[in-house]
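Below you'll find the structure, written out as structure tokens, and then a few comments.
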There are 2 protein chains.
Amino acid sequence: MATKRSYQQYCGLASALDVVGERWTLLIIRELLLGPARYSDVLANLPGIGTNLLAERLKFLVQRGVARQVDLRGTGAQLAYELTPAGEELRPLILGLTRWGMEFVDDLRSEDTLRPQWGFLAAEAMLDPAKVSDRHERYEFRVDDQVFHIEISGGRARGLRGAAVDPVVVAKTDAATFVRIGSGHLTPLLAMLTGHLVLEGDVDAVLRCCELLGLESASSRTVASRAVSARPASSAAAG
Amino acid sequence: MATKRSYQQYCGLASALDVVGERWTLLIIRELLLGPARYSDVLANLPGIGTNLLAERLKFLVQRGVARQVDLRGTGAQLAYELTPAGEELRPLILGLTRWGMEFVDDLRSEDTLRPQWGFLAAEAMLDPAKVSDRHERYEFRVDDQVFHIEISGGRARGLRGAAVDPVVVAKTDAATFVRIGSGHLTPLLAMLTGHLVLEGDVDAVLRCCELLGLESASSRTVASRAVSARPASSAAAG
DNA sequence: CAGGATCCTAAACGATACTG
DNA sequence: CAGTATCGTTTAGGATCCTG
């Protein structure tokens, strides 16, 4: 039994951390932010967590009203976990942390776990609300086998899973390249030149898309300015 | 030596948690959000952390560029830690977590740690940017020995430490009452009636202030609606 | 006052084995 | 598939003492 450890501070932050501050918990919630997921799906995306720990965390999150179990048996799928509204409220915070953490992403090591669906969260995190154009258009992303898109409408942008209807930009890439670009280790230009990124669509639309995501599409200033925080050299290329 | 454990995931969130996801780390940063603090100040506000762990965490945060050491000797004070710009970027996220965690604040237990300066963060977290009036005015709070205020100006609200110039509202209370009100265990009205809160100033200004902080000044709906998420019964009253 | 060294305990980890 | 139970190993957490 988990002898629930608490900070025992009369403070909102400490209480929040008593609920979601333990190791693995926010990563579990990240998985659920992508939609309902089965126990084994979550387990597969969190190498090293151990079955008992995952079960305990999920149970605790359900108990605290952050997640709930849904029984989809009958619809083809079976048991799954999903976030409650209280859990969904963490989305902007987790996206903010994701964005903040981009600065600390080192270049890919061989032992790193990588899942294409994380690209969806990365894209959501990178969206700059202040840079949304007033057009109505969609940018589609195909990261390995995952397809998602960003919809611009009414001056607001939002990320959606699945293919876009009539996208003005389609970007095809692999998960490693996607995160490399997001973390500033690679520019879209360089990724295209090395064949890791294929961009289709109107040039101006591509530029708007890069702008929206805070990417310097052509120059390499991004790499230069971010390199300060990390290592001296790096080796690229991945399978 | 701390054999830094990492999630080893190529993802912004995992990287963020590798930096600030360990136990105590965000609470240390909370302390630094209130301004530069000495080692022993932080230690005093985090009962149970252990000196070596605090030293290790601080060292790690400095190493990762989230905090830095400042030498204030000569100005009367001495060595202190403060946040770097990268650390300051966590402010909205930590305030968001603080707000989110308010729902999970149980009523005060005798063993809970409580610091009046946390009220400042709580107030900052409760500020609803959508409910800022277009006036120019200041609300002052005196929580035990701590004084801070909220300044409304140009349609924006911000929290500031210290006394306000010409405040339209002055609220005097103790730290426990302050957090109780913020977490919905108590209404301002009830706190006044029991003598734990003294409000001075124009009635309309008080109402605007409550509105800004998301407080139902008169009704008890707040308590009723929040009670659902927690316990079946509760015993109030404390010293 | 700042923080290093030590020691012990309590968790987390990872593997495996088991159950409805 | 969705967990529970157990166990050996590792690591973090916490208390205490010590030093510059």
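Proteins get letters first, then strands, A, B, ... in listed order; numbering begins at 1 in each.
- Contacts of R109(A) classified as salt bridge (charged side-chain N to carboxylate O under 4.0 Å, His left out), with partners at least two apart in sequence or in another chain: D106(A), E111(A), D112(A).
- For the OP1/OP2 pair of dG3(D) and a distance below 4.0 Å, the side-chain nitrogens and oxygens of Q69(A) include at least one atom meeting the criterion.
- Straight-line distance from the CZ atom of F60(B) to the P atom of dA12(D): 11 Å, rounded to whole Å.
- Computed from coordinates, the Y81(B) OH to dC1(C) C1' distance equals 11 Å when rounded to whole Å.
- The distance from atom CG of D71(A) to atom P of dC1(D) is 16 Å, rounded to the nearest whole Å.
- Side-chain atoms of Y39(A) lie closest to dA2(D) of the nucleotides dA2(D), dA2(C), dG4(C).
- The distance from atom CG of L43(A) to atom P of dT4(D) is 13 Å, rounded to the nearest whole Å.
- One atom, CG of D41(A), and another, P of dA2(D), lie 7 Å apart when rounded to the nearest Å.
- Dashed line: the shortest gap from a side-chain N or O of Y7(B) to OP1 or OP2 of dC13(C) is not under 4.0 Å.
- By the side chain to side chain contact (heavy atoms under 4.5 Å, CB included) test, R161(A) pairs with L34(A), Q117(A), F120(A), Q146(A), sequence neighbours left out.
- Within the structure, every side-chain polar atom (N or O) of K59(A) is placed at least 4.0 Å from both OP1 and OP2 of dG3(D).
- Rounded to a whole Å, the CG atom of L79(A) is 10 Å from the C1' atom of dG3(D).
- Every side chain to side chain contact (heavy atoms under 4.5 Å, CB included) that E82(A) has, sequence neighbours left out, goes to P36(A), R68(A), V70(A).
- In this structure, CD1 of I28(A) is placed 14 Å from C1' of dG3(D), rounded to the nearest angstrom.
- Among residue pairs with one or both ends in residues 115-129 of chain A, those qualifying as salt bridge (charged side-chain N to carboxylate O under 4.0 Å, His left out) are R91(A)-E124(A); sequence neighbours excluded.
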Does the protein touch nucleotides 13-20 of chain D at the base, only the backbone, or not at all? Give it as B, S and - per nucleotide, heavy atoms under 4.0 Å. SBBB----
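- Legend: residues meeting side-chain hydrogen bond (donor to acceptor under 3.5 Å, both in side chains) with D41(A), ordered by chain and number and at least two apart, are R38(A).
- For S40(B) and dA2(C), the shortest distance from a side-chain N or O to OP1 or OP2 is below 4.0 Å.
- Note that the CD atom of Q9(B) and the CH2 atom of W118(A) stand 3.5 Å from one another [nearest 0.5 Å].
- Checked options D18(A), V20(A), L17(A), V19(A); the residue passing with F104(B) is V19(A) (criterion: side chain to side chain contact (heavy atoms under 4.5 Å, CB included)).
- Whole-Å rounding puts the D18(B) CG to dA12(D) P distance at 12 Å.
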